[in-house]
Structures are given as C-alpha cells and as structure tokens.
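Letters A, B, ... mirror the listed sequences (proteins, then strands); counts begin at 1.
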Amino acid sequence: MASFRRAFSSSSQFLNTKDTTLSRLSEHRKLEEIVDVLCQQKRLKEAVDFLHRIHQPSPRLYSNLIAACLHHRSLELGRKVHAHTKASNFIPGIFISNRLLHMYVKCGGLIDAQSLFDEMSQKDLCSWNTMIAGYANLGHLEQARKLFDEMPQRDNFSWNAAISGYVSHHRHREALDLFRTMQEHESSNSNMFTLSSALAAAAAIRSLRLGKEIHGYLVRTELNLDEVVWSALLDLYGKCGSLDEARGIFDQMVDRDVVSWTTMIHRYFEDGRKEGGLSLFRNLMGSGVRPNEYTFAGVLNACADLAIERIGKEVHGYMIRVGYNPCSFAASALVHLYSKCGNTEIARRVFNKMPRPDLVSCTSLIVGYAQNGQPDMALNFFELLLRSGTKPDEITFVGVLSACTHAGLVDKGLEYFHSVKEKHGLMHTADHYACVIDLLARSGRFKEAENIIDNMPMKPDKFLWASLLGGCRIHGNIELAERAAKALFEIEPENPATYITLANIYANAGLWTKVAKVRKDMENRGIVKKPGKSWIEIKRQVHVFLVGDKSHPKTSDIHEFLGELSTKMKEEGYVPDTNFVLHDVEEEQKEQNLFYHSEKLAVAFGIISTPPGTPIKVFKNLRTCVDCHTAMKYISKIVQRKIIVRDSNRFHCFEDGSCSCRDYW
DNA sequence: GTAGGGTTAG
C-alpha cells in the first residue's frame with residue numbers, strides 16, 4: 001500500500017512538471033510501476049484502465065497484465081488488454097500471443113482464442129496445445145480432436161490434452177483408444193501425464209485388464225513416478241474391486257498426499273469395509289496431511305449411508321476446528337448426513353449456514369423431510385425452491401415424489417409427476433416411474449398403475465416392481481402380485497425379499513399350498529432369508545439384536561419388561577397381527593415370533609436402560625413389519641416416550657400412540 | 001519465461 005502511494009504521488013507530481021526525454025522515460029517507468037502495484041493489490045480493473053495513460057507499454061507489462069486477467073478469470077479485462085495491444089500497434093511475439101490464448105481459453109473465450117489463433121502468423125507447439133486443451137477441457141471434444149489431427153507435429157502434451165479431454169468428459173473408451181494409438185507411435189512416449197489419464201480412464205470403465213496392461217507398461221518404462229500416477233493406480237485397483245492390491249500400493253507409496261489418502265479411504269467405504277475406512281481416516285488426521293473437501297464428503301457420505309450419526313458428528317466437529325469450504329460438497333454432505341440420520345433440524349441449520357446452497361443440498365433436505373415423516377416440510381421447501389428461481393433436476397423430483405408417497409398424497413404426486421415433463425422440460429427417469437407406481441399401488445389404484453407400466457418408454461426396473469409388489473401386499477392383490485414377483489424373479493432371482501413378500505401375500509389369503517411352493521423354490525435355489533437385525537446406541541455403545549435373540553446379557557430383563565408391556569398393550573386394545581409370517585404355524589407360536597422381533601427387543605432394551613422421557617432411536621436393517629409398527633404406537637403411548645425407528649426405507653417417529661408416517665410406508 | 005495428470009454428492 002505504502003509503495004503504491006509513493007509511486008502514485010511521485011508520478012502525479014511528475015505529470016505537472018516539464019517534459020524532457022529523460023523525465024519522460026522515467027515517467028514511463030513509473031506509470032508501469034503503478035500498474036504493477038495495482039495488479040499486486042488485486043485492483044485489476046484500475047490497472048487495466050490505467051493502461052490508457054501509458055503510450056507504449058513494454059511486453060513485460062502486457063505479459064503481467066494478461067497473467068493477472070487469467071488469474072482473475074476476467075474475460076472482459078483480458079479483451080481490453082488485447083485490444084490495447086492492437087491499438088498501440090504492438091506486435092506480440094509468440095510468447096505473449098500464447099499467454100493471450102491461454103487467458104482466453106481459461107476465461108471461456110474460445111471464440112476470441114480461435115480468432116487470435118487464426119491470425120497468428122507463427123504458431124508453435126504451445127499454441128496448438130493450448131487450443132486443444134482449451135477445447136478439450138470445455139467439452140468441445142470434436143473441435144479439440146480436429147486440431148489434434150491437423151497439427152503438424154505433436155508432443156506428449158498434445159497427446160495428453162486430447163486424452164485427458166476424453167477422460168474428463170466420460171468418454172473413456174476413446175481416451176484409451178488414443179492412448180493405445182500413442183503407444184504405437186514410435187516418436188511418442190507416454191509420460192506421467194498421459195499415464196495418469198489413461199489409468200483414470202481404465203478405472204472409470206472398471207477395466208482391470210487394461211489397467212493391468214498400463215501398470216505393466218509403467219513398471220517397464222522405469223519412469224520415476226510421482227504420487228499422482230500412484231494414486232491413479234491405486235484408484236484403479238480400488239474401483240475394480242482389488243482393494244488389497246490398492247492398499248499394497250498405498251502402503252508402498254513414499255509421499256502420500258491428500259488425494260491418495262482420500263482415494264484409499266473412499267474405496268474402503270465403497271467396499272463396505274467401514275472400519276478400515278474409518279481407521280484410515282483417523283490415521284490421516286494424525287499424519288499431518290490436511291484432509292480436503294473430497295475427504296470430508298467421502299467420510300460423511302459413508303456415515304450417512306451407514307446411519308452412524310455419532311461419527312459423522314465427530315467429523316463435523318473436526319471440520320469446524322480445521323476449517324472447510326462452506327460452498328463445497330463437504331457442506332452438502334453434512335446436510336445429507338443429518339437428513340439421512342433423521343436429524344432434519346440440524347440438517348436445516350447446516351443448510352441455512354451455507355452461503356450458496358446448491359441443488360444437491362436442497363434435494364438432500366427434501367428427501368430428509370420426506371423420510372422423516374415431514375412431507376409438508378418437504379413440499380413447502382420444494383415450492384420455496386421453485387419460487388427462488390432455482391431449477392430442480394430429475395433427482396429433486398425423486399425426493400418430491402417420495403414425499404408425496406410418504407404422505408399418501410396421490411393426486412398431488414401425480415400432478416408433480418406430470419409437471420416433470422410438462423412444466424419443467426425434464427425427462428422422466430426410471431426412478432420417477434417407480435415412485436409413481438409406489439404412489440398408486442399403495443392406495444390400491446392398480447388399473448392406473450398397470451396402465452402406466454404398459455405404456456412407459458423404458459423397461460420397468462426392480463424398484464418399480466418391488467413397489468408394485470408392496471402395494472399388492474397391502475391390498476391383497478394376488479394376480480398383480482404374481483406379475484410383479486415374476487418380473488422380479490427374472491431381474492434379481494437371488495433377492496429373498498421377493499419370495500418373502502409373495503409368501504406373506506399368499507399366507508394372508510390363506511393359500512398355504514402356494515406359501516409352501518414359494519418356500520420350496522427358495523430352498524431349491526439356496527436363497528436364505530436375511531435375518532432381521534436392529535441396533536440401538538446407549539452411552540456410545542451399540543447393542544445389536546437379531547430375531548429372537550437371547551444372547552444379550554440383559555435378555556431376562558428385556559423379556560420380563562416385554563411381558564409386562566404385552567398385558568398393558570392388550571388392555572389398551574392391541575391385537576397382535578399374525579398375518580405376515582412366512583410359515584403356517586399355530587396362532588400362539590406366531591404371536592411369540594412377532595413379539596420377539598429385533599426392533600421390539602432393541603426398543604425394550606432402550607426403555608429399561610434410559611431414564612423416563614428419553615427418546616429411543618433404533619435402526620433396523622429391513623423394513624419394519626405391520627405388527628411391530630402397530631405395537632410401537634401402543635408402546636409409545638404406554639411408556640410416554642418418543643420412539644424413532646429407522647428401517648431400511650425411512651424413519652418412523654412414534655409419539656403418543658401414532659406414527660409420523662401416518663401408516664404409509 | 002507461455003500449455004498438462006490422479007480423489008468428486010443428492
């Protein structure tokens with residue numbers, strides 16, 4: 001600041017003094033100095049405007065100004081500087097021209113770049129490469145390829161610009177084809193840039209074969225590889241399911257940077273090895289390498305999927321301590337985490353703190369409200385979003401439609417479904433169809449559902465058929481249930497849920513021969529029912545219960561408490577619902593089975609282990625059954641507790657005898 | 001002196 005003031009005041013004084021050749025020279029130097037200082041102070045607009053007071057700026061000054069425009073990504077000011085060179089009859093050398101080209105492509109001025117490129121009497125490799133990279137990065141791949149094919153000679157840079165362009169726009173096959181072509185050219189050798197792009201392409205298409213080929217090649221070339229190539233390689237193995245191989249590479253790396261750590265952690269979670277992922281994250285925090293937005297987002301999303309809110313909260317605390325970018329997807333991952341864990345209040349608080357909330361966070365919040373039995377909040381929020389001028393996308397509508405499903409708002413849901421195409425100009429996705437079938441089937445509007453299925457533009461997927469089957473279960477529609485089950489057996493014959501639901505539908509109708517046949521089919525195909533499992537966290541300790549589990553140390557207390565509850569529940573009018581069992585057993589036995597469902601055990605344990613009034617939060621791996629759902633309503637009223645059950649599909653919040661899902665689930 | 005690569009959500 002001080003130096004600027006000095007330079008400025010001395011030159012202003014100079015303007016008022018008499019010109020001499022010497023003073024003019026010195027004046028010129030000082031004016032340039034002012035521009036430099038303005039640039040340093042990030043007062044770029046003033047610097048560019050000041051340029052008009054300089055008669056013939058030096059190439060150095062132009063070069064610095066162009067670099068500053070590039071740095072600020074200001075196309076407008078960049079154009080002004082360029083125009084100034086023309087106006088002052090300055091003929092830029094190839095160096096300045098290349099800088100201009102680079103500035104233009106980075107600021108999105110591809111047309112300016114192309115016309116400058118066409119005007120240039122002399123072009124070197126750098127000029128061509130800058131253009132190719134510019135087109136490629138912005139997704140104009142055909143244009144990039146055209147230049148690449150036209151250019152008189154190529155170096156590694158040219159190959160990589162074209163290859164990485166394909167990679168970053170998900171055209172991985174073409175990237176790998178070009179990589180192969182390059183290897184066939186005797187004059188070109190792959191380097192670390194081309195190799196890391198090629199590895200990323202192989203990883204993206206999950207081709208272990210191509211990846212191994214490249215791996216073999218990079219071992220043979222004896223290049224001194226850096227952490228970027230190693231991370232690309234470990235990501236390849238991780239993405240292709242060879243997690244241990246990836247870990248081997250990770251362990252051998254000398255310099256592990258934040259990307260290698262993040263990649264490794266991410267692959268652990270993706271493979272379902274959450275303990276490995278979390279312990280690696282802990283190691284990272286102790287390693288001195290600073291986690292970035294990608295790391296946070298990866299860990300938080302894993303916590304959200306596994307519904308481990310406590311660990312997510314710890315990560316959140318850590319993020320606050322070390323600082324994170326509130327505009328990044330780390331912030332939206334926080335919204336996602338709290339929404340998924342049933343904590344819409346915190347989710348909303350985090351959301352409100354985001355300076356520029358994005359569509360992903362909005363969608364997470366809508367889905368969160370929908371899953372937590374607050375469909376009105378979900379829909380109000382969506383309407384708010386529309387009014388703010390934000391354009392929803394296909395996934396936002398999945399949230400909106402599922403909110404309608406959870407609330408039983410059939411006609412409103414249909415209205416939204418039609419608006420996707422008619423009002424918002426978006427395409428219907430398979431998920432939209434699954435949602436709308438869910439909506440119709442639950443309310444027993446099977447004719448309309450079938451009509452949509454028979455006329456939809458794509459093949460119905462497993463989610464759609466499973467929704468239909470679920471609706472058939474509620475309304476006892478055996479004929480349509482058989483159609484849905486048949487389709488599901490074709491798509492995923494190994495899923496036990498289909499057999500069980502179908503058997504329950506038959507059992508409900510008293511069709512015991514058919515129940516036996518489904519059981520037989522299951523047995524013959526070696527399909528085992530996934531055991532129901534519930535867990536509850538008490539004092540930072542997780543307690544897991546299986547169906548009829550007697551292994552917990554407090555089992556006798558739990559059973560005693562359930563016995564007492566049972567009497568009180570029956571007094572209040574509870575009738576055990578015994579229809580939804582797979583086997584044809586004696587009534588009394590059925591009741592016993594149901595009474596010992598895992599979520600009831602977990603809830604009972606929660607109640608006897610916490611002081612009166614404490615809310616109970618239980619997680620279940622499967623959907624909650626009808627009887628448990630009814631029982632929870634009674635229990636919440638008798639013990640005067642808020643009971644939250646998060647099943648595989650949504651949250652149920654039981655309070656004083658009723659559930660937030662209003663019996664739609 | 002000017003151009004480039006790997007992790008990426010709902």
Would you say His102(A) reaches dA3(B)'s phosphate, i.e. side-chain N/O to OP1/OP2 under 4.0 Å?
yes

Remember a base hit wins even if backbone is also touched, and classify Glu227(A) as base, sugar-phosphate or nothing at under 4.0 Å, heavy atoms.
base

Spell out yes or no: do the side chain of Ser196(A) and the base of dG5(B) have one donor N/O and one acceptor N/O closer than 3.5 Å?
yes

Would you please confirm or rule out a distance under 4.0 Å between OP1 or OP2 of dG10(B) and any side-chain N or O of His336(A)?
yes

Polar contact flag, side-chain donor to acceptor under 3.5 angstrom, Gln40(A)-Asp36(A)
no

Ile395(A), nearest nucleotide to its side chain (from dG4(B), dT8(B), dG10(B))
dG10(B)

Asn160(A), Asn98(A), Asp155(A) screened by side-chain hydrogen bond (donor to acceptor under 3.5 Å, both in side chains) with Asn129(A), the one that passes
Asp155(A)

Tell me whether the side-chain N/O atoms of Lys123(A) come closer than 4.0 Å to OP1 or OP2 in dT2(B).
no

Has the side chain of Asp393(A) got a donor or acceptor that lies under 3.5 Å from a partner of the other kind on the base of dG10(B)?
yes

Do Glu309(A) side-chain atoms and Tyr338(A) backbone N/O form a donor-acceptor pair below 3.5 Å?
no

Polar pair under 3.5 Å, donor/acceptor by atom type, side chain Asp358(A), base dG10(B):
no

Parallel, tilted or perpendicular: ring planes of His432(A) versus Phe397(A), cut at 30 and 60 degrees:
perpendicular

What nucleic acid atoms does Val229(A) come within less than 4.0 Å of, heavy atoms only: base, sugar-phosphate, or nothing?
base

Any side-chain N or O of Lys106(A) less than 4.0 Å from the OP1 or OP2 oxygen of dG4(B)?
yes

Nearest to the side chain of Arg267(A), which nucleotide is it out of dG10(B), dT7(B), dG5(B)?
dT7(B)

Selection from dT8(B), dA3(B), dG6(B) that lies nearest to any side-chain heavy atom of Cys126(A):
dA3(B)

